[in-house]
Amino acid sequence: MDWGLFTIQMLNGVQLGVLLFLLAAGLTLVFGIMDFVNLAHGSLYMMGAYFCATLTQVTDSFILGVLLALPLTALLGWLVELIVVRALYTHDHLDHVLATFGLILCFDTAVDFIWGPTGMAIPLPAFLDTHVDLVGGHTFPTFRILIICAGLAVAALLYFLVAHTRIGMLIRAGASNRTMVMALGVDIGKLFALVFAVGAAFAGLAGMLIAPITEASIGMGNEIIIVAFVVIIIGGIGSIKGAFVAAMLVGLIDTMGRSFLDQLLKLFMSSQNAETSAPALSAMAIYVLMAVVLAFRPQGLFPPKVR
Amino acid sequence: MYKKITALAALGALLAAPAVAADKVKIGFVTTITTPAGVIGQDMVDAVNLAVEDIGGKMGGLDVELIIEDDGFKPPIGKQKVDKLVKKDDVDFVAGFIWSHVLLASKKSALDAGKFLISSNAGPSQVAGKQCDKNFFSTSWQNDQTPMAMGEVLNQNGVKSVYVMAPNYAAGKNMIAGVERTFKGEVVGRDLTKWGKDAQLDFSAELAKAKASGAEALWVFYPGKAGGALIKQYEQAGLLGELPLYTVFTVDSIALPKLQAGNLGGVMGSLNTQHWGPDLDNPQNKKFVEGFKKKYGRYPSFYAAQSYDTIFLIKSAVEAVNGNLDDMDGMRAAMEKADFPSTRGKFSYGNNHFPIQNFYLREVVADADGVWTTKIVKTVLENHQDPYAKDCKM
């Protein structure tokens, strides 16, 4: 066993995990508190990436691009809540799915119209566009370390916000029992809008952080939103802590599967078969995990406390 | 009275319509215009438009009519569009096709209708071998040939071990098989990554494995947006200068402008193989590249060059029969001679109607204006015929 490689792959898994957490945090709040299924959450991730790409090219600075794109994405999220989502709270989940699927099409078409079909690369500043040397001759990209740090910082911030502030208390209360919070005279509409905008900003941040690696492209959110849903189902809908743990689990399982599954399979099948089936199996692994969790804990690993 | 005249005129127009149609060469061109792959299709469409313009819109005295169709990257839609082209538009030639699976799904419709089918890019082994057809022609290559050339380059550069990465689908496996056909060293690791609608674009785990494998070189096949992402991550992972990068169909005139905009210098000096390059020295290519750059302000890709060739191949056929489009045998005989000015210079057709041509090693460089492009370093395979030609009974 090459422990240096193992460490690198652990880091890669954590990096994927925090990215998924950024996406899942907003999704789980909106789903948990407002009981709203937002398929278009991935579109906000895409919009964040495009805002950041454009602003980075205009300002010539990635950091500035992110700082400017964050409030823009939050504003976009707020507008989406105001114009489309607000009218749908009283409808059932199927209507949510249908309407937000429509939103996905609108966003994808708008991006095609504004930025064209090619996709956009985001240039990184030199100090991020390099790698650090780890022991044993291994290296790790600096930018991925930044992703891990940013993700953990956001997680800590969210933890503080949710666990130690009045808004956080209302959010937790809303996730557990919406009716009771409304009965206490809290302006739930304002709270919803706020949570939606913050969730959009987090999704946008995830898009901004991944785009320098994979480019901003149309439909990038539609691919990852499924995994984000898996994360919140494993973690327990409405739970930030659950989203964090589940995101880490999914990130690590996915990366470890891609890294070592083929070698494992080679122990008992031909190497050609192992190489062909390993990517398919590792792509499946997180869904297997979800199925197992659902079988034993249908409410997820850390469901919000409901009385 | 007026009504009668209008009716007569309309009747006359109706009767005249078939006569008008007969002095036109109709070319149906199927490519991908929507989806992120649309950028490839656009390059091809730009090239055929330029070619038609360069020949003055005429072939053998007949007007040229182009009908462009979008396959949406999907085999069933490609087939539908070909059905429409042969039945409704009654085209004389069906051309285009980026993707092998779209071509395979569509070819029967065109060939059963007795039309010529010309692939401007896709080169699946089936069409080159057992399923070859007298009315099918390629202006590109067979899928295996380009990676075979790259295998030779690895040998020539003294590379003893290589790590290979490709998407987990038919063409990805073909490309790996192609490089393994000629590479004499050891393949120390293979990664087939998830492909399709939700393709994997983050290759951190794979690149870490490649580095830890101790291979002397990294060989990849990643068309489209995955290619740009891979090269970026290759650089960020610090593999530049440690694990030389060899690519097929990954670094081209479609990827390079984006990489340059993103300032990803890691791609400079990387090596790829191809049957064509914008700097290939022949009069037709000079005319094409200069014309393309002048009209569209960018370098054409190999997709564009092949599409440009497609129009000139058709022109040579139409002229050989003096515009008598019913003379299929005459046109086929003319095309088999490959007697047209090609952007790749002179080549000949094999028994399976795939080109027998040179494959070159190209290096990514900046041109005199600082624009990133490729430069041909040397010829790797001379007058190369694909390995499937022997299976074609024609």
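Heavy atoms only: backbone and side chains are in, while hydrogens, waters and symmetry mates are out. In the text below, chain A, chain B and the rest are named by the order of the sequence lines, each starting its count at 1.
Using a 4.5 Å cut-off between heavy atoms, A/Ile213 contacts chain B through both its backbone and its side chain. Only the side chain of A/Ile210 comes within less than 4.5 Å of a heavy atom of chain B; its backbone N, CA, C and O stay farther away. When heavy atoms are compared at a cutoff of 4.5 Å, A/Glu215 approaches chain B by way of both its backbone and its side chain. When heavy atoms are compared at a cutoff of 4.5 Å, B/Gln42 does not approach chain A at all.
Atom-to-atom distance recorded for A/Thr214:OG1 and B/Lys232:NZ is 7.5 Å, nearest 0.5 angstrom.
By the 6.0 Å contact criterion, NZ on B/Lys173 is enclosed, its count of non-hydrogen atoms from other residues, nucleotides or ligands being greater than 12. Within 6.0 Å of CZ in A/Phe101 there are 12 or fewer heavy atoms belonging to other residues, nucleotides or ligands. Summarising the local packing, NZ of B/Lys160 is surrounded by 12 or fewer heavy atoms from other residues, nucleotides or ligands at distances under 6.0 Å.
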Give every donor-acceptor pair under 3.5 Å between a side-chain atom in residues 122-135 of chain A and any protein atom, sequence neighbours left out.
none

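Nearest approach of A/Ser259 to B/Ala205, heavy atoms of both residues: OG-CB, 3.6 Å. Of all the heavy atoms in B/Ala208 and A/Leu5, the pair that sits closest is O-CD1, 3.4 Å. The shortest heavy-atom contact between A/Ala283 and B/Lys194 is CB-CD, 3.4 Å.
Taking chain A as the reference chain and counting heavy-atom pairs below 4.5 Å, the highest number among B/Ala212, B/Gly228, B/Ser204 is found for B/Ser204. Among the candidates A/Ser271, A/Ser282, A/Pro212, the residue making the largest number of heavy-atom pairs closer than 4.5 Å to chain B is A/Pro212. Your options are A/Gly4, A/Ala121, A/Pro141, A/Gly13, and the one with the most heavy-atom pairs under 4.5 Å with chain B is A/Pro141.
Using a 4.0 Å cut-off between charged nitrogen and carboxylate oxygen, B/Lys209 and A/Asp262 count as a salt-bridge pair. Using a 4.0 Å cut-off between charged side-chain N and carboxylate O, B/Asp202 and A/Arg258 make no salt bridge.
B/Phe221 meets the ring-ring contact (aromatic ring centres under 6.0 Å, His included) test with no other residue; sequence neighbours excluded.
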Practice item. Given side chain to side chain contact (heavy atoms under 4.5 Å, CB included), test B/Lys211 with A/Thr139 step by step and report yes or no. Key: CA-CA 9 Å; B/Lys211 190 172 180 209; A/Thr139 56; 3.1 Å; yes

